[in-house]
Asks: 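To start, I am sharing the structure in question, which I have written as structure tokens.
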Amino acid sequence: MIKEVTDAQEAEARIGKLRLLEALLFASSDPLDEETLAGRIGPEVGLLLEELRAHYAPRGVTLVCTGGGWAFRTAVDLAPELRREEEVSRKLSRAAIETLAIIAYHQPVTRGEIESIRGVATSKGTLDLLMEHGWIRPGKRRETPGRPLTWITTDHFLDHFGLESLRDLPSVDELRAAGLLDSRPVLLGLGATADDSALDTGDET
Amino acid sequence: MIKEVTDAQEAEARIGKLRLLEALLFASSDPLDEETLAGRIGPEVGLLLEELRAHYAPRGVTLVCTGGGWAFRTAVDLAPELRREEEVSRKLSRAAIETLAIIAYHQPVTRGEIESIRGVATSKGTLDLLMEHGWIRPGKRRETPGRPLTWITTDHFLDHFGLESLRDLPSVDELRAAGLLDSRPVLLGLGATADDSALDTGDET
Amino acid sequence: MADLLAGREADTSAIAEGSASEQLLLVLDGFEGPLDMLLALGRDQKVDLTRISILELADQYLRFVAEARKVRLELAADYLVMAAWLAYLKSRLLLPEPEGEEPSGEDMAAALAFQLQRLEAMKGVAEKLFARPRLGIEIHPRGAPEDLDLRRKSVYEVTLFDLLRAYGQQRARKESGVLHIAPVRLYSMEEAVRRLSSLLGRMPDWATLASFLPGGEGGGGLLTRSALAAHFAATLELAKAGRVELRQEGAFAPLYVRGRAAGSQDGDISEEAQSND
């Protein structure tokens with residue numbers, strides 16, 4: 001009788017350890033070696049790892065041991081179906097983000113105007129890149145000497161940034177109020193009258 | 001006889017899809033929405049998701065639905081054992097925490113309304129910090145004089161706090177029933193120091 | 001804080017002593033504005049917020065602000081606005097309702113009670129929200145995601161925050177390039193001392209401090225408030241130097257100023273500006 005109770009408790013403890021082991025392996029960014037795991041789980045970790053491996057073997061995710069560490073990986077045989085898009089996400093250059101932002105806020109805007117706002121020359125590649133991604137497109141020509149091309153943003157731009165319309169972009173003052181535009185040192189900021197309201201109380205910092 | 005073969009084939013195809021679905025979800029750290037998954041798996045993805053959810057329910061890693069997307073997450077009950085210390089630099093001020101709660105419960109809500117609820121001006125660095133965490137973003141402009149910008153929470157907010165949808169916000173029904181989710185300013189001249197409409201001057205969009 | 005308020009009746013000089021004032025300042029720094037402070041005072045009543053005595057609360061707040069002003073003269077304008085509003089509310093609650101369109105005292109009290117309840121509710125849910133197991137702290141996503149780029153149609157990872165920050169930084173660079181120093185239009189105390197000194201000669205009798213303020217500056221904004229603060233500080237400075245006399249009937253009553261003839265020796269009149277008695 002007593003033995004049975006002990007068995008049930010033991011089984012429960014075992015399941016608890018198995019679950020924790022599963023979670024630790026899942027959440028870790030690097031493979032975990034058996035010694036580290038034993039420190040959290042106990043000496044029986046070797047058996048538990050084998051049990052987990054067997055459980056996951058037929059599934060879409062498998063537990064593998066690589067270079068002395070254990071980790072979950074998607075099943076090898078699914079690789080062709082998972083690797084559909086080879087390109088890894090990249091960070092957009094600062095110049096490109098700025099150019100995109102200026103087009104969004106000042107459209108329709110010519111390349112010359114973008115350059116005068118940024119204060120540096122815009123490489124042709126930047127506009128090409130933004131256009132390739134479907135964020136901007138050429139607008140009407142400006143009716144000024146040389147009839148320069150203007151640039152505007154696309155619907156895909158709104159889509160990508162989760163905006164319903166261009167009107168929903170925060171205005172300059174709203175950017176300032178939200179803390180995204182702060183050009184002056186704190187003390188000098190007191191002189192500004194435009195955002196007086198934001199300065200009403202200093203007790204919130 | 002033929003029927004049986006068909007069943008076996010169907011069953012195999014189903015298992016194949018289940019494994020692929022499992023692998024897709026496992027590979028991503030961000031939630032995947034059902035539409036994207038249906039594009040890869042087929043229209044039966046809803047049933048397969050429920051099947052996977054049930055399979056993982058008792059395990060150390062569970063399949064959760066948050067803000068319209070599905071993702072594997074470590075089990076909630078293992079929280080105490082998996083607790084990772086929050087970086088000190090990421091700790092939020094009381095003002096930021098309260099502001100986030102007000103946006104979550106009163107959305108879409110303008111900055112002026114937030115200030116009238118808290119009775120104090122929103123300091124710079126509050127909204128942009130919440131935005132940097134990926135919890136809030138600008139919503140539509142309010143169609144009132146000055147067309148002030150509103151703020152809303154993101155899907156990542158739901159994911160971060162383990163909520164399936166905004167309906168699952170703690171005590172939200174109680175508060176609504178008690179009439180406490182009314183964001184109108186109630187006392188003239190109290191608290192609402194930032195005039196929303198004033199923020200719209202110099203709008204350049 | 002309750003102790004602090006209870007103790008004030010006994011001995012005001014004790015409050016002015018170092019430890020008590022420091023304590024008061026600490027308490028003040030802990031508040032997120034006047035509404036937050038009212039809520040804290042309201043909790044001290046230890047009753048449900050729906051049954052709170054607004055009249056009592058108003059009294060507590062006014063006492064608190066009066067004490068706070070003794071140790072911290074530059075108490076934020078918000079607190080004074082709230083004090084003025086509560087004083088008005090008190091008079092509306094205690095005196096017979098006047099004829100007119102204005103909301104009744106009862107309505108005003110109910111509105112304040114609602115604001116306190118709403119703020120309390122928000123503080124409560126903020127706590128509940130942050131008590132939940134959070135992603136990256138107690139709940140974890142896959143630690144080693146295998147990037148499949150299923151969902152993103154674009155290979156470039158750029159968020160609205162990135163875009164807005166880029167624009168903000170670019171604007172900021174531009175602004176700081178064009179206007180190097182924003183004009184600081186605040187009254188300094190030196191300026192106010194100079195101004196008062198020149199005006200006092202022409203004002204032989206008692207006059208309110210307000211009458212010395214520069215007029216026509218437009219709006220009750222930061223500049224006007226800074227002028228008030230600077231002139232107030234200037235009168236204290238001048239009083240200390242024996243060049244003016246100050247008089248005030250009670251807390252929040254108008255402050256009167258009178259120039260003092262140079263060399264006059266009837267010395268003990270210079271009253272404490274912040275005296276409530």
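Naming convention: chains lettered A, B, ... in sequence-line order (proteins, then strands); numbering from 1 in each chain. Model, not experiment: these values are computed from the prediction.
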Asks: Where do A:Ala75 and B:Arg19 come nearest, in terms of heavy atoms and distance?
Replies: CB-NH2, 3.4 Å
Asks: Should A:Glu174 and B:Arg141 count as an ion pair when the cut-off is N to O under 4.0 Å?
Replies: yes
Asks: Taking B:Arg137 for its side chain and A:Leu163 for its backbone only, find out whether a donor-acceptor pair lies under 3.5 Å.
Replies: no
Asks: Can you name the nearest heavy-atom pair linking B:Arg111 to A:Ala177, along with the distance?
Replies: NH1-CB, 3.1 Å
Asks: Under the side-chain contact (heavy atoms from CB on, under 4.5 Å) criterion, do B:Leu82 and A:Leu20 qualify, and how do the steps go?
Replies: CA-CA 8 Å; B:Leu82 295 176; A:Leu20 181 58; 3.9 Å; yes
Asks: Under the ring pair (Phe, Tyr, Trp, His ring centres under 6.0 Å) rule, collect the residues that match up with B:His106, sequence neighbours excluded.
Replies: none
Asks: Could you look at B:Ile152 and say if it's the side chain, the backbone, both or neither that has a heavy atom under 4.5 Å from chain A?
Replies: neither
Asks: Heavy-atom pairs under 4.5 Å with chain A are the metric here; pick the option from B:Glu143, B:Glu132, B:Met131 that has the most.
Replies: B:Glu143
Asks: If every non-hydrogen atom of A:Ala27 is compared with every non-hydrogen atom of B:Arg84, which pair is closest and at what distance?
Replies: O-NH2, 4.1 Å
Asks: Specify whether A:Tyr56 and B:Tyr56 have parallel, tilted or perpendicular ring planes, treating 30° as the upper limit for parallel and 60° as the lower limit for perpendicular.
Replies: tilted
Asks: On a heavy-atom basis, which atom in A:Arg40 and which in B:Glu81 lie closest, and how many Å separate them?
Replies: NH2-O, 2.6 Å
Asks: If you look at every heavy atom in A:Ala23 and B:Val61, which pair is closest and at what distance?
Replies: CA-CG2, 4.1 Å
Asks: To the nearest 0.5 Å, what is the distance between CZ (A:Arg176) and CG (B:Asp128)?
Replies: 13.5 Å
Asks: Hey, could you give me each pair passing side-chain hydrogen bond (donor to acceptor under 3.5 Å, both in side chains) that has a residue in residues 42-52 of chain B? Not counting sequence neighbours.
Replies: B:Arg14-B:Glu51, B:Lys17-B:Glu44, B:Glu50-B:Arg53
Asks: Going from CG on B:Leu21 to CG on A:Leu78, what distance comes out if it is rounded to the nearest 0.5 angstrom?
Replies: 11.0 Å
Asks: Using atom types as modelled and distance alone, determine if a side-chain donor or acceptor of A:Glu22 lies under 3.5 Å from a backbone N or O of B:Arg59.
Replies: no
Asks: Measure A:Arg73 against the heavy atoms of chain B and call it side chain, backbone, both or neither at under 4.5 Å.
Replies: neither
